[in-house]
Amino acid sequence: MNLGGVVSMEKKAGRRLGEKQSTSKGQISIDNVSISFGSGLTKKLAITETTLNITPGEFVCILGPSGCGKSTLLNAVAGYVSPSSGKILVDGKPVKGPSPERGMVFQQYSLFPWKTVHDNIAFGPRIAGYSSTECKSIANTLLSMIGLSNSAKCLPGELSGGMQQRVGIARALANYPSVLLMDEPFGALDAQTRLMMQESLLNIWSEFGTTVLFITHDVDEAIFLADRVLVMSASPGSIISDFRVGLERPRNPEISTSEEFIELKKQCLSQIRSESLKAFEGSGGH
Amino acid sequence: MRAAYLDKAESNVDGSDVAGSMGKQKALGVGSIADGPLDPMAHRNSVLYKLAHLFGQLPIRAIAVGAISVTIGLFLWHWATLYKFNYFVNFEHVPAPLLVGDAFSRHFFDPAFHTHVLVSLRRIFFAYSIAVVLGIVIGLIVGRSRTARSAILPYIEIIRPIPAVAWIPLAILMWPTEEASIIYITLLGALFPIILNTVHGVEQTPEVLVRAAQSLGANRAQVFWHVVLPAAMPSIAAGLAIGMGISWFSLLAGEIISGQFGIGYFTWHAYSMINYTDIVVGMLVIGALGSLSTYLVRLITRPMLRWNRKLR
Ligand SMILES: Nc1ncnc2c1ncn2[C@@H]1O[C@H](COP(=O)(O)OP(=O)(O)O)[C@@H](O)[C@H]1O
Ligand SMILES: [Mg+2]
């Protein structure tokens with residue numbers, strides 16, 4: 001297979017496939033950020049005075065009850081919403097809008113339904129101006145990485161939910177982003193598929209070594225995946241605790257029965273339970 | 001399906017050459033659609049399925065029912081004119097179907113009639129082409145930009161309900177030639193359904209797809225081309241088909257202006273000559289050309305909508 005396109009692309013991105021990234025790209029700093037929607041009487045504070053630093057190559061999970069502002073915070077890093085106050089820097093540059101440097105994976109299916117799987121993955125490189133042979137070789141490399149080489153010519157509608165999400169991840173990675181932002185990407189999948197996807201994500205991540213900011217409300221998922229688990233408070237959201245996950249990598253599903261895992265899970269759960277309770281009572285307590 | 005796929009792949013190893021290569025082809029055919037046990041659509045790629053599907057798709061029943069219905073309609077028409085049916089609706093002066101058929105077959109070989117039809121087709125072609133380009137561009141802009149919407153919507157709302165016939169005096173005054181006025185009137189008819197359907201389609205573009213494209217580096221124009229336009233395509237295609245129908249409708253009004261040619265002119269002329277048979281011939285030809293060209297539009301837009309049908 002001709003990998004010329006991939007190689008030249010990697011050079012531009014300053015890294016090499018199959019090798020954990022050693023450059024210092026992918027640093028996120030969120031500095032005293034507040035985000036609110038609307039104005040006047042309908043003004044709603046979604047995120048309040050949040051400060052957070054993520055080092056390059058780190059896998060960070062954000063845990064929190066629904067409605068606490070997880071998506072809002074992620075969307076601010078992605079550049080879809082701008083903070084009302086505070087600063088967000090990625091690799092030292094302020095976030096001004098969406099950029100291919102920050103790849104995004106959504107919870108809902110977000111593949112272009114009129115493009116084949118191959119063309120979905122090749123979309124980013126194509127927009128970036130790579131030749132069609134280069135786009136093709138990038139797409140093929142990613143397709144084989146996610147195990148869907150045979151489905152290259154399928155339309156997204158012909159794939160199962162898990163397959164579609166794998167394509168979504170590959171599409172975001174085709175730009176070799178320094179940061180990968182994932183908003184409950186496995187939330188809509190059944191438990192079995194979810195476990196497979198988590199392992200497969202860790203495999204892909206070990207090859208790309210990008211910084212990952214991953215949102216979930218599933219404690220097991222967060223601990224299994226992350227280097228760091230951040231727990232968010234109920235609305236308005238802010239980070240209330242920061243757990244370091246010391247479990248060694250590569251991880252396999254059996255790890256969830258280890259003592260360390262269970263201890264971490266206990267701590268996270270107790271934090272989340274008190275926050276969920278607050279959210280529940282705050283909403284009227286029905 | 002997965003099991004069958006594996007079987008075929010294996011028979012490829014130890015089977016004879018011919019059987020092996022056939023097995024391989026089939027296995028590839030399945031594999032290109034199915035990637036694993038999860039794909040429920042895999043069987044759709046087999047040749048047998050396709051044949052059965054094609055045969056099942058032939059609307060034999062529908063054709064038969066349609067033919068019977070038309071025959072009954074013709075018979076009723078014939079009966080009403082034969083017995084000069086006159087009870088609230090008066091058929092005394094309505095030409096009989098056989099007379100109309102007779103007149104039609106005479107016109108069918110008449111070069112003058114061919115000219116009428118060709119002139120009308122040319123007008124439809126120009127007016128409709130302009131309407132398609134204008135309608136889609138205006139629709140995309142109005143659908144995506146709030147300012148453009150506020151600026152353009154009042155015009156659309158006021159001009160849209162004006163019937164084509166009402167435009168005739170002004171169109172004659174405004175445009176340098178008769179031909180231009182006719183094309184203008186025809187164009188207006190097709191324009192509004194195309195604009196409105198495009199706007200509707202654009203509004204239905206899932207925001208998550210726009211965001212996905214943006215995070216992959218697409219700028220405003222690229223988002224338009226790669227996301228908004230294809231997402232709006234099903235609705236645009238519906239607008240294109242409706243617009244084609246209405247442009248024939250308006251053409252008839254526009255050709256009142258024309259001193260000499262066009263199927264609309266032919267029909268109006270027959271009216272002023274009190275030639276009822278030719279009026280009906282003109283009406284039926286307009287109807288036939290109108291539905292034929294609408295069908296053509298559907299045929300052309302269909303390949304762009306394949307993804308949409310596969311979603312269902
Ligand atoms: N575009 C918006 N306009 C107004 N309010 C919003 C908007 N997006 C989110 N919110 C509000 O901000 C809060 C946090 O939402 P979100 O970030 O989606 O929560 P999560 O992802 O944690 O479930 C919610 O109360 C929600 O109603
Ligand atoms: Mg959310």
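Proteins get letters first, then strands, A, B, ... in listed order; numbering begins at 1 in each.
Nearest heavy-atom pair across A/Y80 and B/A212 is OH-N, 4.3 Å.
Only the backbone of A/L111 comes within contact range of chain B, with at least one heavy atom under 4.5 Å from a heavy atom of that chain. For A/S99, the part lying under 4.5 angstrom from a heavy atom of chain B is the backbone only. Only the side chain of A/R126 has a heavy atom closer than 4.5 Å to any heavy atom of chain B.
Taking CG of A/L181 as the reference point, atom OG of B/S215 lies at 8.5 Å (rounded to 0.5 Å).
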Taking only distance into account, with no hydrogens and no angle test, what donor-acceptor pairs under 3.5 Å do side-chain atoms of residues 217-233 of chain B form with protein atoms, sequence neighbours excluded?
unit_1: B/N219; atom_1: OD1; unit_2: B/A221; atom_2: N; d: 3.2
unit_1: B/N219; atom_1: OD1; unit_2: B/Q222; atom_2: N; d: 2.8
unit_1: B/Q222; atom_1: OE1; unit_2: B/N219; atom_2: N; d: 2.9
unit_1: B/H226; atom_1: ND1; unit_2: A/K115; atom_2: NZ; d: 3.2

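Annotation: A/Y109, atom OH; neighbour count of heavy atoms from other residues, nucleotides and ligands within 6.0 Å is above 12. No more than 12 heavy atoms of other residues, nucleotides or ligands sit less than 6.0 Å from atom CD of A/Q192.
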**Study point:** Residue pair A/W114, B/R306: steps toward the side chain to side chain contact (heavy atoms under 4.5 Å, CB included) verdict
**Key:** CA-CA 8 Å; A/W114 43 84; B/R306 202 165 287 146; over 6 Å; no
Check your understanding: Run the side chain to side chain contact (heavy atoms under 4.5 Å, CB included) check on B/L216 and A/N175 step by step: do they pass?
Key -> CA-CA 7 Å; B/L216 292 167; A/N175 280 323; 3.4 Å; yes
Practice item. Show your reasoning for whether side chain to side chain contact (heavy atoms under 4.5 Å, CB included) applies to A/Q107 and B/V208. Key: CA-CA 10 Å; A/Q107 172 170 11; B/V208 68; over 6 Å; no
